[in-house]
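Everything below concerns the one structure shown next.
From a predicted model like this one, the values you see are computed outputs, not experimental measurements. Convention: sequence-line order gives letters A, B, ...; per-chain numbering from 1.
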Amino acid sequence: MEGSLRRDQRGQAFTLEGLVSAVVVLTALWFALQAVIITPTTGGSVDPGVRAEIQQQADDALAIAAQTERDTLSELTRNWSQSRQTFYGAVNPRIGYGQRELPGTLGRVLNDTFDARGRTYNVKMRYLSPDPAVETESVIIASRGTPSESAVTASYRVTLYDNMTLTSPSSGPAELWQYDTNPTSNPIPGKSGYYPVPNALDGPVYNVVEIRVIVW
Amino acid sequence: MSARLTVDGERGQLLLVGAVVLATVILGLAIVTNSVLFTENTGSGEVGVESAVVDEFDYEVQRSTQSLLLQLNHDERNVSWSDLNATIRTNVHNYSNLLARSYATAGTVHVDASYAQTIHNGTRIVQRVDRSFTYNESHSPLVVSDRADWTLVQPSDRADIGWLALNVDLRNTSGQQAALVLHNGSESLTYQFNRSKDGQGSNLSVSVDSSWAGELTQTECQSVGGRVLVDIREGHGFFDDCTFTTFDRLTGPYDIEITDGDELTGQYELVVNQTWHDNGNVIESAVGPYPDCSASGIQPPCVSPVVWTGQVDLSYRSTTATYAATRNISVYGGDA
């Protein structure tokens with residue numbers, strides 16, 4: 001009799017232990033499944049591998065445009081229309097080329113690389129002031145919208161020289177150092193028209209301009 | 001009964017212990033998996049981006065330094081070797097400062113480029129005033145003893161040519177041909193120039209003949225303001241699209257001869273890789289005999305020093321990358 005009673009008690013103990021074991025295992029499983037990694041993709045944005053690929057493509061586009069023999073990045077920076085105070089063929093100074101394809105090698109490569117794949121981009125030119133205390137200034141080459149949080153930026157620097165000329169069809173033979181950097185209607189005597197990039201240095205070097213491409 | 005009771009008790013405890021162990025394993029796997037995925041997402045992409053920036057910096061500094069040296073070589077002609085070196089160092093330093101500002105505005109990056117030394121210098125033979133392509137042995141404008149047929153670069157001084165450009169005064173050039181002949185000891189290339197239409201035209205007629213294949217090119221280059229600018233090395237005019245055979249068709253080094261130089265009027269510049277020796281107060285040129293351009297009262301052509309191959313030190317420093325290199329810059333192309 002006494003032994004039977006103990007077996008009943010042990011059976012209740014076994015049941016309890018089994019229940020507790022199940023609860024422990026299920027709790028651990030639930031916790032593991034609920035653990036979430038906070039990554040840039042958590043909110044549904046671009047995968048890091050894709051961002052790296054876009055970054056490489058933007059870097060390559062600029063490098064190709066800078067190092068080609070014709071229609072170079074340097075020529076693009078000097079493709080300026082003095083009368084319209086923006087780049088030649090652009091829509092207006094606020095958006096530059098906007099949705100239009102940029103001229104030259106950079107425009108072709110950006111179109112083939114990004115436009116064809118449904119991505120959009122802004123392009124900007126930054127240049128230095130002769131006064132080191134002054135921040136860099138910039139001019140819009142193409143503005144197509146507000147970049148998303150996952151946008152990538154690529155840049156390339158080009159050196160301009162005093163003896164270079166503007167490359168737009170409407171420009172004359174004047175060298176860069178001869179241009180005024182103020183967009184006034186009455187140019188300073190001895191200066192022949194307006195080009196925003198100033199002569200930042202004595203000597204043959206005129207300025208170092210940075211072309212920035214932001215892709216999203 | 002006691003033994004059976006003991007076995008039953010142990011089995012129940014084993015179930016509980018096993019469950020706890022299994023739960024611990026599940027939690028451990030979850031932690032490890034999360035860590036791996038997090039690490040992959042923070043990844044090494046930034047390193048790849050910075051290597052592209054460093055490559056761009058290296059390439060553009062080399063290219064810009066080459067352009068800078070070329071312009072400084074052909075700027076002033078009345079300079080000594082020490083003056084030219086000082087000018088080069090100053091300009092490369094200023095360019096480096098400008099570049100550093102540009103990189104600094106984009107992030108915590110410091111770049112620097114400095115001119116280290118000249119590996120190999122050369123000589124520029126220049127006629128910078130309009131006169132006939134003749135040679136005056138006295139080098140004095142007061143003594144008229146010009147020779148129409150003469151040797152610009154002697155066979156004993158055969159050299160590689162980095163620059164050869166003519167700025168022809170077409171109005172004072174005749175319809176009779178003047179010739180510039182390049183020899184390499186076995187073959188020759190002859191450039192002949194004359195004013196078109198028997199001396200009445202507004203173009204410069206350029207024909208190129210070789211000793212191995214006869215006539216190679218016959219073209220005319222248009223004048224602008226009465227002048228024609230031609231680049232013999234690259235084989236084209238500066239103001240229009242006229243093209244002709246480049247002298248690369250003939251393997252160097254070269255000696256250069258001028259015949260009937262009195263038929264051609266204008267200016268010219270030639271750069272050869274003969275070394276310019278600055279021996280204290282005495283300037284010796286292996287290309288000659290020509291007077292130093294810094295001397296006064298001389299009849300051109302004269303000589304002045306140029307850098308043929310220079311060396312520049314580059315450095316790039318950011319919070320994640322450090323890069324330093326020394327690059328040889330071949331100003332006129334070819335192997336540095």
Side-chain angles (χ1 to χ4, degrees), chain A residues 3 6-7 10-11 13-14 16-18 20-29 31-33 35-41 47-49 51-52 55-56 59-60 62-63 66-67 126-128 132 135-136 152 154-159 161-163 200-205 207-210 212, chain B residues 1-2 4-5 8-9 11-20 22-31 33-38 40-46 48-49 52-53 55-57 59-61 63-64 67-68 70-72 75 87 90-91 94-95 97-99 101-103 105-106:
Chain A
R6 281 189 181 169
R7 276 202 297 274
R10 290 309 303 162
F14 291 158
L16 271 174
E17 286 168 350
V20 170
S21 303
V23 167
V24 167
V25 172
L26 287 173
T27 303
L29 271 174
F31 180 81
L33 291 172
V36 175
I37 306 165
I38 305 299
T39 70
T41 62
D47 179 79
R51 291 187 78 233
Q55 179 75 58
Q56 187 65 52
D59 286 331
D60 289 346
L62 285 167
Q67 297 171 21
R126 291 169 29 137
Y127 52 88
L128 297 166
E135 292 282 333
T136 57
V152 298
S155 66
Y156 201 100
R157 287 167 180 80
V158 173
T159 304
Y161 300 92
D162 287 358
N163 63 358
L201 205 58
D202 290 334
V205 175
N207 207 311
V208 172
V209 300
E210 179 190 1
R212 281 199 160 191
Chain B
M1 186 172 302
S2 174
R4 185 178 174 184
L5 187 64
D8 287 344
R11 188 175 65 198
Q13 292 168 7
L14 194 64
L15 184 65
L16 186 58
V17 168
V20 170
L22 184 61
T24 306
V25 168
I26 290 171
L27 289 175
L29 279 174
I31 292 168
T33 304
N34 279 344
S35 300
V36 168
L37 290 175
F38 181 78
E40 281 184 356
N41 278 291
T42 56
S44 61
E46 295 176 7
V49 170
V53 175
D55 287 344
E56 170 216 324
F57 165 72
Y59 176 83
E60 281 300 322
V61 169
R63 188 161 75 162
S64 299
S67 295
L68 191 54
L70 182 64
Q71 294 192 50
L72 293 174
D75 187 13
T87 300
T90 300
N91 276 274
N94 291 343
Y95 165 67
N97 287 344
L98 198 67
L99 202 62
R101 280 176 56 201
S102 179
Y103 275 89
T105 59

Using every non-hydrogen atom in the two residues, find where [X] and [Y] come nearest and quote the distance to one decimal.
X: A/Q67; Y: B/R63; result: CA-NH1, 4.1 Å
X: A/R126; Y: B/A106; result: NH2-N, 4.2 Å
X: B/L72; Y: A/P204; result: CD2-CG, 3.8 Å
X: B/L15; Y: A/G18; result: CD2-CA, 3.7 Å
X: B/E56; Y: A/R157; result: OE2-N, 2.9 Å
X: A/A32; Y: B/I26; result: CB-CG2, 3.9 Å

Could you grab the distance from atom [atom1] of [X] to atom [atom2] of [Y], nearest 0.5 Å is fine?
X: A/L201; Y: B/N97; atom1: CG; atom2: CG; result: 8.5 Å
X: A/Y127; Y: B/L98; atom1: OH; atom2: CG; result: 14.0 Å
X: B/T105; Y: A/L128; atom1: OG1; atom2: CG; result: 6.5 Å

| query | Crowded around A/D202 CG? As in, over 12 foreign heavy atoms under 6.0 Å? | reply | no

| field | Residues which pass side-chain contact (heavy atoms from CB on, under 4.5 Å) with B/T24, listed by chain and number, not counting sequence neighbours | value | B/V20

Considering only heavy atoms, which portion of [X] lies under 4.5 Å from any heavy atom of chain A: side chain, backbone, both, or neither?
X: B/L22; answer: side chain
X: B/L29; answer: neither
X: B/F57; answer: neither
X: B/N91; answer: side chain

| Donor on one side chain, acceptor on other, B/E60 and A/Y156, under 3.5 Å | yes

| With chain B, which of A/N163, A/V20, A/V209 has the greatest number of heavy-atom pairs at distances under 4.5 Å? | A/N163

| said: Please check this pair: side chain of A/Y161 against backbone of B/S64, looking for a donor-acceptor N/O pair closer than 3.5 Å. | reply: yes

